[in-house]
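Keep in mind it's a predicted model, so treat the numbers as computed, not measured. All values below come from the heavy atoms of this structure, side chains included, with hydrogens, waters and symmetry mates left out.
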Amino acid sequence: MERGVGEEAEREWERHSRGDAGKRRMGCCARRAKTFHCTVVLLDETEITEDVQAVSKGDVLLERVFSHLNLIEKAYFGLRFLNKAGESRWLDPLQKVSTQLKGLSPFTLYFGVKFYASDPCRLLEEITRYQFVLQLKQDILQGRLPLADDLASELFALSLQAELGDFDPRKHHEQYVSEFRFLPDQSPSLEKKVEQIHKTLVGRVPSTVEMSFLERVRWLDMYGVDLHPVLGDDHVEYFLGLTPSGVLVMKGKTILNHYFWPRISKVFFKGKSFMIRVKDKTNEETTYVFLASSREACEYLWKCCVEHHAFFRIYSWLEHGLLPEDALRLHFFVFSLLISLEWAHSCFLVFNESFERGASSRGMGTKSIALTSYYRFTYLMWKRQFL
């Protein structure tokens with residue numbers, strides 16, 4: 001009897017040994033899996049480097065960035081990269097990173113706001129609002145968010161208060177405002193006005209200053225507008241702008257039409273033709289056709305439009321406690337992120353510890369608009385449209 005027990009124990013040991021050996025072999029294979037380095041430029045212009053396996057999808061890299069930033073409200077953000085044609089593209093979370101970045105070197109991506117909240121003041125966490133402020137400051141600096149002089153002075157002063165704190169004549173010399181780059185074209189007279197406003201903000205802490213910043217910016221016509229160049233039926237250049245409220249049709253600086261998401265029944269494309277079907281007040285449908293520069297550009301415009309449409313429709317449903325059965329078909333990744341976001345809001349869970357705000361751009365640094373290829377690309381596109 002004892003011998004039988006011993007034999008059984010020996011066989012059990014052999015089974016475990018074979019299993020451990022198999023695990024070790026699998027571990028060796030995992031270690032040999034091809035990896036590559038990805039550099040991610042954050043909104044404060046700092047960089048992080050992540051090693052990503054060739055088989056990893058975009059959501060793996062996104063989650064690492066979210067973890068680094070300690071972000072809970074993830075649904076608003078994404079990673080951009082420049083394709084081989086120098087065009088800006090969003091990284092698809094559901095596709096392999098290696099496939100999307102194929103032929104590019106080095107692998108550089110840019111973290112940013114993909115879906116602008118219609119009311120960023122309602123964002124749950126301070127760190128999320130801070131990331132929105134950083135994005136909006138980039139939009140202003142790169143000319144994508146035009147400002148009147150009075151508003152520019154006020155926002156510039158709020159930005160200084162958040163970063164420097166109260167004005168102190170012992171620390172802030174006469175030209176201290178000119179050290180910061182806030183506008184594409186920054187005049188000495190505007191900087192003087194900014195200094196005067198900064199002096200009136202004594203006692204305001206960064207969190208309340210950033211809330212005021214967001215409240216002032218969210219009402220601007222060009223807030224959160226993602227522009228795509230197209231041609232109309234008349235072969236004239238237009239821009240389609242994807243926004244939190246719908247799709248803008250712009251010619252030059254003029255907004256010609258605004259198609260609201262609830263009235264857009266379908267977006268589709270064929271070849272280089274992008275089509276958007278809109279219901280009027282009597283529920284009659286009209287299809288508008290625009291021509292993109294290539295089939296790839298048209299498909300990308302369609303994809304961005306579908307994602308924006310899905311995001312803001314689902315968000316609206318969640319806000320009103322509704323969730324139609326076909327919601328999952330709109331866009332699974334956006335849906336899953338929004339559900340996690342709604343869970344965080346409903347539980348009012350604030351996990352973020354205190355965080356350190358980065359320094360703003362001073363002068364023309366190595367990651368400035370003049371020297372970074374990504375900033376140069378976006379700035380030139382917007383300069384052609386607005387400046």
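- Take Ser265 and apply the side chain to side chain contact (heavy atoms under 4.5 Å, CB included) test, not counting sequence neighbours, and it matches Arg277, Lys279, Glu285.
- Between Glu210 and Arg129, none of the side-chain N atoms (NZ, or NE/NH1/NH2) sits under 4.0 Å from a carboxylate O, so this pair counts as no salt bridge.
- Here the closest heavy-atom approach between residue Gly241 and residue Leu227 is recorded as CA-CD2, 3.6 Å.
- Nearest heavy-atom pair, Ile127 versus Leu69, reported as atom, atom and distance to 0.1 Å: CD1-O, 3.0 Å.
- Residues meeting the side chain to side chain contact (heavy atoms under 4.5 Å, CB included) test with Phe260, sequence neighbours left out: Ser245, His258, Pro262.
- Judged as a salt bridge (charged side-chain N to carboxylate O under 4.0 Å, His left out), and not counting sequence neighbours, the contacts of Lys199 are Glu195.
- Remark: the backbone N or O of Arg204 is paired with a side-chain donor or acceptor of Gln161 at under 3.5 angstrom.
- Between Gln138 and Leu43, the shortest heavy-atom distance links the atoms NE2-O, 3.6 Å.
- A side-chain donor-acceptor contact under 3.5 Å links Asp139 and Tyr116.
- Here the shortest heavy-atom pairing between Ala75 and Phe311 reads O-CE1, 3.5 Å.
- Ion pair Asp168/Arg170 flagged as a salt bridge, since at least one NZ, NE, NH1 or NH2 atom sits closer than 4.0 Å to an Asp/Glu carboxylate oxygen.
- Residues forming a salt bridge (charged side-chain N to carboxylate O under 4.0 Å, His left out) with Arg218 (at least two apart in sequence, or on another chain): Asp119, Glu215.
- A salt bridge links Lys193 to Asp150: one of the charged nitrogens lies within less than 4.0 Å of a carboxylate oxygen.
- Checking each of Phe312, Phe66, Phe132, Phe115 against Tyr76 for a ring pair (Phe, Tyr, Trp, His ring centres under 6.0 Å) leaves exactly one that passes, namely Phe132.
- In this view, Thr200 and Ile197 satisfy the side chain to side chain contact (heavy atoms under 4.5 Å, CB included) rule, not counting sequence neighbours.
- Here the closest heavy-atom approach between residue Leu201 and residue Asp166 is recorded as O-OD1, 3.9 Å.
- In the displayed structure, His235 atom NE2 is contacted under 6.0 Å by at most 12 heavy atoms of other residues, nucleotides or ligands.
- Annotation: Lys57, atom NZ; neighbour count of heavy atoms from other residues, nucleotides and ligands within 6.0 Å does not exceed 12.
- Glu299 meets the salt bridge (charged side-chain N to carboxylate O under 4.0 Å, His left out) test with Arg295; sequence neighbours excluded.
- Taking hydrophobic clusters as Ile, Leu, Val, Met, Phe, Trp and Tyr residues chained together by side-chain heavy-atom distances below 4.5 Å, Ile255 shares a cluster with Tyr259.
- Ring geometry for His198 against Tyr176 counts as tilted: the plane angle lies between 30° and 60°, on a 0 to 90° scale.
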